[in-house]
There are 4 protein chains.
Amino acid sequence: MGKPPNAIRRSDKSRKATLAAALDLCAELGYSAVTVEAIANRAGASKATIYRWWPSKGAIVLEAIDEAGLAPKTFPDTDDLAADLHTQLCGILSVFTDQRLGPAFTGVLAEGQLDPGLSQELRERLIEPRLAQCYTRMRNAQDRGQLATDADLDVAMDLLHAPIYRRHVLGYPLPTPDYLDKLIEHTLRVLAPASATTSSRARRDLAEAPPNHPE
Amino acid sequence: MGKPPNAIRRSDKSRKATLAAALDLCAELGYSAVTVEAIANRAGASKATIYRWWPSKGAIVLEAIDEAGLAPKTFPDTDDLAADLHTQLCGILSVFTDQRLGPAFTGVLAEGQLDPGLSQELRERLIEPRLAQCYTRMRNAQDRGQLATDADLDVAMDLLHAPIYRRHVLGYPLPTPDYLDKLIEHTLRVLAPASATTSSRARRDLAEAPPNHPE
Amino acid sequence: MGKPPNAIRRSDKSRKATLAAALDLCAELGYSAVTVEAIANRAGASKATIYRWWPSKGAIVLEAIDEAGLAPKTFPDTDDLAADLHTQLCGILSVFTDQRLGPAFTGVLAEGQLDPGLSQELRERLIEPRLAQCYTRMRNAQDRGQLATDADLDVAMDLLHAPIYRRHVLGYPLPTPDYLDKLIEHTLRVLAPASATTSSRARRDLAEAPPNHPE
Amino acid sequence: MGKPPNAIRRSDKSRKATLAAALDLCAELGYSAVTVEAIANRAGASKATIYRWWPSKGAIVLEAIDEAGLAPKTFPDTDDLAADLHTQLCGILSVFTDQRLGPAFTGVLAEGQLDPGLSQELRERLIEPRLAQCYTRMRNAQDRGQLATDADLDVAMDLLHAPIYRRHVLGYPLPTPDYLDKLIEHTLRVLAPASATTSSRARRDLAEAPPNHPE
DNA sequence: TGTTAACCGAGACGGTACGTCTGGTCTTAGA
DNA sequence: TCTAAGACCAGACGTACCGTCTCGGTTAACA
């Protein structure tokens, strides 16, 4: 059939314009109102060119988000695990709330649930690099005795990240930074080493600190 | 303009056939391949009739799921909180895995993320009745001293339910019943009353924190 | 199937309202934009009632035109054949140009060309009664020696009436009264008795009369 | 808004298939039972393609008739005016009676009466080219002294062509060739030059009339 | 440096679903 | 039994996108 195109000769101008058009249109119209046709027009590209390089609208938008690279793929390691987790979770939150990327990411996420191929690409390009960093950071914490050696990191992942997704998916307000702190606190408490010491102190400090009622 | 139709004269036969056709087609073809046109044909209804009563494919499927009522809206209360939670979470899981309802629910969930109206309807008809039951059950547990009196039930909701959604949304395997047990155990451990045995130290620290539950 | 309704119990109010609504809507929107539904709404009748008594929109409008009875079915007989013909042809013209009936008649005429049943009804109720009068009038003229005894009255019919229809059908301006005179003059000339006398004189007078340049 | 399509890149295959399908379907089902959808299916074209190039069913069928070109647009000139007129009128008749074009032409004619745009197109593409030829032929006859120099050719047009339309429109049998001869004879008799033999008396009276041909 | 193969924009194409509309039938309740 | 009201099935309407395609025109790697 159609032989694969030669990536070397690909027009980078056209590629960039397409990705930018995709993000802009998502921000302007919402993901579902965006069509490949509109992206092509906005980008000054032809539909054939777009379909030569991407299989679907979702794939374009996914690549555009990846390229934009809002949330860093690296994970801070400041020896304060709770703070580092907070930093990272806020980074994830920002992808949902970002003016330009939010609608695009929401769209890709939704479409991925109905398109296994897109879902896999989404995991591989956006989710797992960051997840792996999180894993590594927590394993480091285990090595340093800040977490129980038998702590189940998969559970930790779920307890920390899942609430963001659940609230997004069901249309509830996303967690506030304060709420994230609460989640981190609860999670680390269960995963703390048998003789909880330093870390838990820091925790309490944070909890007692300012009378930070939300919003 | 278009005045609302008279619900009294509505054909129940047509309504039921439409809902059944919607579920069947979702199971056969997958949500995104289902069209209103196909539902109409399968149901032996006319498109006009369908659009008279539902605004979109999503609304039809949502109502069909609600009507099918796979997961019970009632929450067991056997005095064993962990077991009751497990029962309930398995009920939620079954909506995702059910042969007939799974694809439909997945579709509505995905579409809801792009359609605020559908999302709200989804919450009101499917999610919140069950969530409210869960809330009530946990409040009962608090009254009986099985949970800390100041346990943050919103956090508990997130810790228990969110992993199912996150895994579904990102295309990871859903939690197994064993994994659900693990989640429940972790969660209840943090929310256990101060007098609880294991890891009671960590518990007390947490319980001492100021009563800062917003909202 | 549906047994014929009992005409005795028919609601005359509903019938009259329907016919009036049909004519009014034709005048307001043009025949093709009128729907049975709109007629029913305007008349305060239900569609079922209308379909019980008329088979189609065309039949309603046809009956409405007949009832309105703009052009008289009787033919004047003043001993001046040309003048009588002119009177009659102007009557026919008026059906096309009448503010209220014109659009309705145009519609029925057009639809009749595609619906043999309607066409037949049209001929029987509107066309032939008037045509028969015309025939009779000309036969009288023959008896009085104003026309050749062997004049072909079918040809006369065509020569006199057809130009109106041709111009209407093709969208040309309808004949003016002056032009009708010219047609009558030409026609009577060919059908005049061998020794053309009185009639032809009157004709010439008319032709010479005023410097009647058109329009 | 919708910019006009580029006619150069138009698919001639698709165009021809559409026109053929339109004529065939008219012949098979009758004009009013034909839908644009059916034409598209039969032609193997998509509806979008059809609507890109034609505004309505009527426009398609009109172009198809024009293209089929049953009745020649040229007018014979054999020095026998009556014979030439007969030839031409038979050509017109044949458009009504042709197995394939008849139903199509009938439909366009009927629809034109309710759609001024279609009517104008009909006149410009089908009617007037032939009418102009007829005019020219008769003017030639005048030059050769076969018709009175002051004969009103507009009236002649009406007398000759109109009966066909009237009979068609009202659903009467179309004129037979013999009847056409009779019409031609009657018409030419009124328009013959003063020096003509038969019924020259009547002719002269008419010819003496003042030169009142308006328009 | 000239050839040529692959890219590119443009946009027409066959499909197909959309959401709306009308035609005609049928049901219900009321007079 | 007729009526008004209006829901119903059927299916065409004209529009919008889809993903494919053909067309010249341009560009860049290689001869």
Side-chain angles (χ1 to χ4, degrees), chain A residues 1-3 5-11 13-14 17 34-38 40-41 43-57, chain B residues 2-3 5-11 13-15 33-41 43-53 55-57, chain C residues 1-3 5-11 13-14 33-38 40-41 43-53 55-57, chain D residues 2-3 5-11 13-15 17 33-41 43-53 55-57:
Chain A
M1 283 289 138
K3 50 186 163 187
N6 180 346
I8 296 177
R9 312 193 54 178
R10 179 170 189 181
S11 156
K13 194 182 108 200
S14 178
V34 174
T35 67
V36 174
E37 201 129 18
N41 285 345
S46 87
K47 284 205 292 174
T49 301
I50 289 184
Y51 280 108
R52 200 190 331 269
W53 300 108
W54 293 279
S56 68
K57 172 175 75 164
Chain B
K3 49 187 163 189
N6 180 345
I8 296 176
R9 314 194 52 181
R10 180 168 189 183
S11 156
K13 194 181 108 198
S14 178
R15 178 176 166 278
V34 174
T35 66
V36 174
E37 200 131 18
I39 294 175
N41 286 344
S46 89
K47 286 206 290 176
T49 299
I50 289 184
Y51 280 109
R52 204 196 319 277
W53 300 108
S56 68
K57 172 175 74 164
Chain C
M1 283 286 141
K3 50 188 166 188
N6 181 344
I8 295 176
R9 312 194 54 175
R10 180 170 188 181
S11 155
K13 193 182 109 201
S14 178
V34 174
T35 66
V36 175
E37 200 128 18
N41 286 346
S46 86
K47 284 208 292 176
T49 302
I50 289 184
Y51 278 109
R52 201 193 326 275
W53 300 108
S56 68
K57 172 175 76 164
Chain D
K3 48 187 161 188
N6 181 344
I8 296 176
R9 315 192 52 182
R10 180 168 189 182
S11 156
K13 196 182 108 199
S14 179
R15 178 174 165 278
V34 174
T35 67
V36 174
E37 200 132 18
I39 294 175
N41 286 345
S46 87
K47 283 207 291 175
T49 299
I50 290 185
Y51 281 109
R52 201 191 327 273
W53 300 108
S56 68
K57 173 175 75 164

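Residue numbers begin at 1 in each chain, while the letters A, B, ... track the order of the sequences.
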### Query
Taking for each residue the nucleotide of DNA chain E with the nearest heavy atom, is it C:Thr49 or A:Asn6 whose nucleotide lies nearer the 5' end?
A:Asn6
### Query
Taking the nucleotide of DNA chain E with the closest heavy atom to each, which residue, B:Lys57 or A:Asn41, is nearer the 5' end?
A:Asn41
Measure from [atom1] on [X] to [atom2] on [N] and round the result to the nearest Å.
X	N	atom1	atom2	answer
D:Arg10	E:dG14	CZ	P	11 Å
C:Ile50	F:dG6	CD1	C1'	14 Å
A:Glu37	F:dT15	CD	P	15 Å
D:Tyr51	E:dA12	OH	P	18 Å
C:Lys13	F:dA4	NZ	C1'	10 Å
B:Ile39	E:dA17	CD1	P	12 Å

Assign [X] to base, sugar-phosphate, or nothing according to its heavy-atom contacts below 4.0 angstrom with the strands shown.
X	value
D:Arg52	base
B:Trp53	sugar-phosphate
C:Ser56	nothing

### Query
Shortest non-hydrogen contact from B:Ala45 to B:Ser14?
CB-OG, 3.9 Å
### Task
Nearest-nucleotide wise, let me know which of B:Gly44 and A:Ala38 is further upstream toward the 5' end of DNA chain F.
B:Gly44
#### Entry: Position toward the 5' end of DNA chain F (nearest nucleotide), D:Val36 or B:Ala43
B:Ala43
Straight-line distance of [X] [atom1] to [Y] [atom2], nearest 0.5 Å:
X	Y	atom1	atom2	result
D:Ile50	D:Ser56	CD1	OG	11.5 Å
D:Thr49	D:Lys47	OG1	NZ	12.0 Å
D:Ser11	D:Arg52	OG	CZ	10.5 Å

### Message
OP1 or OP2 of F:dA4 versus the side-chain N and O atoms of C:Ser14: is any pair under 4.0 Å?
### Response
yes
### Task
Could you check A:Tyr51 against A:Val36 for side-chain contact (heavy atoms from CB on, under 4.5 Å), going step by step and ending with a plain yes or no?
CA-CA 9 Å; A:Tyr51 280 108; A:Val36 174; 3.6 Å; yes
### Task
Cation-pi check, D:Arg15 to D:Trp53: give yes when NZ or CZ is under 6.0 Å from the six-membered ring centre and within 45° of the ring axis, no otherwise.
no
### Task
For the helix from E:dT1-F:dA31 to E:dA31-F:dT1, measure the angle between the helix axis at one end and the axis at the other, each built from five pairs, rounding to 10°.
10°
### Message
Determine whether a donor-acceptor pair (one donor, one acceptor, N or O, separation below 3.5 Å) exists between the side chain of C:Ser46 and the base of F:dA4.
### Response
yes
### Task
Can you check each nucleotide of nucleotides 21-31 of chain F against protein heavy atoms at under 4.0 Å and return B for base, S for sugar-phosphate only, - for none, in 5' to 3' order?
BB----BB---
### Query
Sub-3.5 Å donor-acceptor pair from the side chain of C:Lys57 to the main-chain atoms of C:Val34, do we have one?
yes
#### Entry: Proximity to the side chain of B:Thr35 - top-ranked nucleotide from E:dA17, F:dT3, F:dC8
E:dA17
